[in-house]
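Following: one structure in structure tokens, then a few remarks.
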Amino acid sequence: MTENMRSLRNVFLYKCLFALTFWNYVSLSVEKELFTSVSNDLPEDGSDKKIKSLPLLYTNSHQSKANFDWVVIQNTTESLSLSEITNDNVKKLVALLSNFRQGSRLQNLTLTNVSVDWNALIEIFQTVWQSSIEYFNINSVTQLSDIGSYDFVYSGTSMKALTMKKVVITDLYFSQDDLYKIFADMNIAAMTIAESEMIHMLCPSSESPFRYLNFIKNDLTDLLFSKCDNLTQLETLILQKNKFESLPKVSFMTSLMTSLKYLDMSNNLLSHDGADGQCQWAESLTELDLSSNQLTDAVFECLPVNIKKLALQNNQITSVPKGMAELKCLKELNLASNRLADLPGCSGFTSLEFLNVEMNLILTPSADFFRSCPRVRELQAGQNPFQCSCELQDFIRLETQSGGKLFGWPAAYVCEYPEDLRGTQLKDFHLTELACNTMLLLVTALLLTLVLVAVVAFLCIYLDVPWYVRMTWQWTQTKRRAWHSHPEEQETILQFHAFISYSERDSLWVKNELIPNLEKGEGCVQLCQHERNFIPGKSIVENIINCIEKSYKSIFVLSPNFVQSEWCHYELYFAHHKLFSENSNSLILILLEPIPPYVIPARYHKLKALMAKRTYLEWPKERSKRALFWANLRAAISINLPMADGKRCGETDEESF
């Protein structure tokens, strides 16, 4: 019994040692083949491909590139990256990948520059699907030919994401379904097929686990996923840089994707004119990118009602229609690089927080934007052709009032018009409140006008301007009538030595002193007096003007009575007019009695000026000084006047010979 037990124990130990030795041998073989050093296996063209490798457990021997004909780009415990896969080495690759069954640590596989036929590619995919690899990237697949049907086994996989880029198919005649069915039915969460000129993709034949699909830069059209109801778990769909044209058809494509949250349709040929029919989007869609298309204002009639983030930059939008459907959930709106002429209101975007309207055609942004959009936290409105005018002043004040809500201020906000302000930052542009406030400007102008009218009226009243206007008019009319009556007698002939202007209250002095001493004294002085020389039938003004113009001098007898006489003022005005019009020195002032300045009315400002600038004769109270007075007065009016018979005053018959 004891010997039997001992024999069984020895057999068991031998078997354990044998199993351990065999496993070690197998592991050594796999590790040696997988983790072979390739430090000497650089490409023949001399390119510097960086080779990364963790320290190997077994490095007993070195194998050359010729053994496998591929290049190892990256080699770690969890990641493997190989390049230059061809039909010649694909079987070795499949054999290598077959060693990584479920439970292996290898999770990431990247194959670059793959040039194989269809069967070889499918064999690689099938091997990967049964391995521990979770993320499979395959780039630059060329010469893909001999495409046919294949019963792909999807079960029992660890795969999560597949990425294929730059796939070139040389086979011209094959069934499209054979190609697309393999990828449409993949039981993975994420798939990317990019830059491959793909024209279509089938709808999965059953409920698909896809949550992420990226078909960037292909040739897909509006026929994609038409009436496809097996993508109910899809959350992200990227169709950037394809050939979609109808926005309503895109909306109906998403209507059955009940879990879709993000859709990227940028850089397509999308348009919508409002006549294409109604749109029906997935209710779960919250982010939509429609940038770089051909969309106009009508796009706002075809948008998801629950959208939160919307990109519409680089389209042909000129305004946001007010009657559009309300997007109550929208928080971010990008309208950069369109044709907007003003900031859109928030009547349809009650929850808007971020707005981008850069690079549009906005000259004078609306100043009430933040009042109509109280929830906006950031506005990007720079790089617009701003017209620096009064209308822009209110918008500039928004920067201070908004507390920094203008993104890019002040560098991105520059005047474009007018020409002399081009390049000036809006923060440096200022106009006065009076220049920009129309109501204030009108009120100020009205007040200034009223003040000016009041001042003019006061001066007119104080200086008796209406009186001077009336006198000027009468003088003009008199001269006009005289010219029309006797145009040949325009040259005035002097008939009197002096015209006497005085007040009736001073007539006694004139008749008793002035006239007798001048006319009856030495010489032949002829005086023009209104009582004897005014022509009957003519107006008083005409007679005054005629007498003044036909007299060599005009004598004004000044006294307090003179400044109170209306007619004396007329005579003084016309004589003063002759003084300036003929540039003559024809005024003689006789101060009969002193005149206090306060007695002289305002209209006699010319009299004040004459008395201040001209020398006047003062009637002396002492009789001894009167002889000198008369001598000076005679000398002032001394002139030879022509007589009626052709002689001059003072000439005799003997002197004429």
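What you see below is based on every heavy atom in this structure, not just the backbone, and it leaves out hydrogens, waters and symmetry mates.
- Ring-plane geometry between Phe395 and Tyr413 is classed as tilted, the angle between the planes lying from 30 to 60 degrees on a 0 to 90 degree scale.
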Stepwise, does the side chain to side chain contact (heavy atoms under 4.5 Å, CB included) test hold for Arg375 with Leu352?
CA-CA 6 Å; Arg375 295 191 179 183; Leu352 191 65; over 6 Å; no
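- Interatomic distance, CD of Glu287 versus NZ of Lys331, reported as 11.5 Å (0.5 Å rounding).
- With rounding to the nearest 0.5 Å, the separation of CD in Glu618 from CZ in Phe629 is 9.5 Å.
- With a 6.0 Å radius and a threshold of 12 heavy atoms from other residues, nucleotides or ligands, Lys308 has its NZ atom at or below the threshold.
- To the nearest 0.5 Å, the span separating CG on Leu421 from SG on Cys415 amounts to 5.5 Å.
- The closest side-chain heavy-atom distance from Ser559 to Tyr502 is not below 4.5 Å.
- When atom types are taken as modelled, the side chain of Lys322 and the backbone of Ser347 share no donor-acceptor pair closer than 3.5 angstrom.
- In terms of heavy-atom proximity, Ile637 sits nearest to Ile588 at CG2-CD1, 3.4 Å.
- Minimum interatomic distance between Pro365 and Phe386 (heavy atoms only, all atoms of both residues): CG-CE2, 3.5 Å.
- In this structure, the side chain of Thr364 does not engage the main chain of Leu392 through any donor-acceptor pair within 3.5 Å.
- Between the Arg626 side chain and the Pro620 main chain, a donor and an acceptor come within less than 3.5 Å of each other.
- In plain terms, the two heavy atoms of Phe496 and Cys528 that are nearest each other are CG-CB, 3.7 Å.
- Rounded to the nearest 0.5 angstrom, Leu295 CG and Met265 CE are separated by 10.0 Å.
- Side-chain contact between Pro304 and Leu288: present, with at least one pair of heavy atoms (C-beta onward) separated by less than 4.5 Å.
- Two residues are said to be in side-chain contact when any heavy atoms from C-beta on lie closer than 4.5 Å; Leu518 and Arg634 meet this criterion.
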Evaluate the criterion side chain to side chain contact (heavy atoms under 4.5 Å, CB included) for residue pair Lys511 and Gln529; output intermediate values, then yes/no.
CA-CA 10 Å; Lys511 294 176 180 179; Gln529 184 188 13; 4.1 Å; yes
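- Side chains of Val357 and Leu379 form a contact here, defined as non-hydrogen atoms less than 4.5 Å apart.
- For the residue pair Tyr552 and Gln526, no side-chain donor N or O sits within less than 3.5 Å of a side-chain acceptor on the partner.
- Looking at Asn384, its side chain does come within 3.5 Å of a backbone N or O of Asn360 through a donor-acceptor pair.
- With hydrogens and angles ignored, the 3.5 Å screen pairs a side-chain donor or acceptor of Asp342 with a backbone N or O of Ser366.
- Among all heavy-atom pairs drawn from Ala311 and Asp289, the shortest one is CB-OD1, 3.4 Å.
- Between Glu416 and Arg422, at least one side-chain N (NZ, or NE/NH1/NH2) sits under 4.0 Å from a carboxylate O, which counts as a salt bridge.
- From Ile307, atom CD1 reaches atom OG1 of Thr286 across 6.0 Å, with rounding to the nearest 0.5 Å.
- A donor-acceptor distance shorter than 3.5 angstrom exists from the side chain of Asn268 to the backbone of Phe244, with no hydrogens or angles considered.
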Please determine whether side chain to side chain contact (heavy atoms under 4.5 Å, CB included) holds for the pair Asn561 and Leu592, giving the CA-CA distance in whole Å, both sets of side-chain angles, and the decisive distance to 0.1 Å.
CA-CA 10 Å; Asn561 298 322; Leu592 184 62; over 6 Å; no
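- Of all non-hydrogen atoms in Leu290 and Val299, the two that sit nearest each other are CD1-CG2, 4.2 Å.
- The shortest distance between side-chain heavy atoms of Leu335 and Val320 falls below 4.5 Å.
- In terms of modelled atom types and a separation under 3.5 Å, the side chain of Asn267 and the main chain of Ser292 share no donor-acceptor contact.
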Check the pair Ser291, Asn314 against side chain to side chain donor-acceptor pair (under 3.5 Å), reporting the backbone distance first and the verdict last.
CA-CA 6 Å; Ser291 59; Asn314 196 23; over 6 Å; no
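- Heavy-atom minimum distance, Gly345 versus Cys373: C-SG, 4.1 Å.
- Between Phe300 and Phe349, the ring-plane angle classifies as tilted under the 30° and 60° cut-offs.
- The side-chain heavy atoms of Phe458 and Val453, taken from C-beta on, include no pair separated by under 4.5 Å.
- Residue Leu633 holds its CG atom at 10.5 Å from NZ of Lys553, rounded to the nearest 0.5 Å.
- At distances below 3.5 Å, at least one donor-acceptor pair connects side-chain atoms of Asn338 with backbone N or O atoms of Asn315.
- Annotation: side chain of Ile515 is in contact with side chain of Val510 (closest heavy-atom distance under 4.5 Å).
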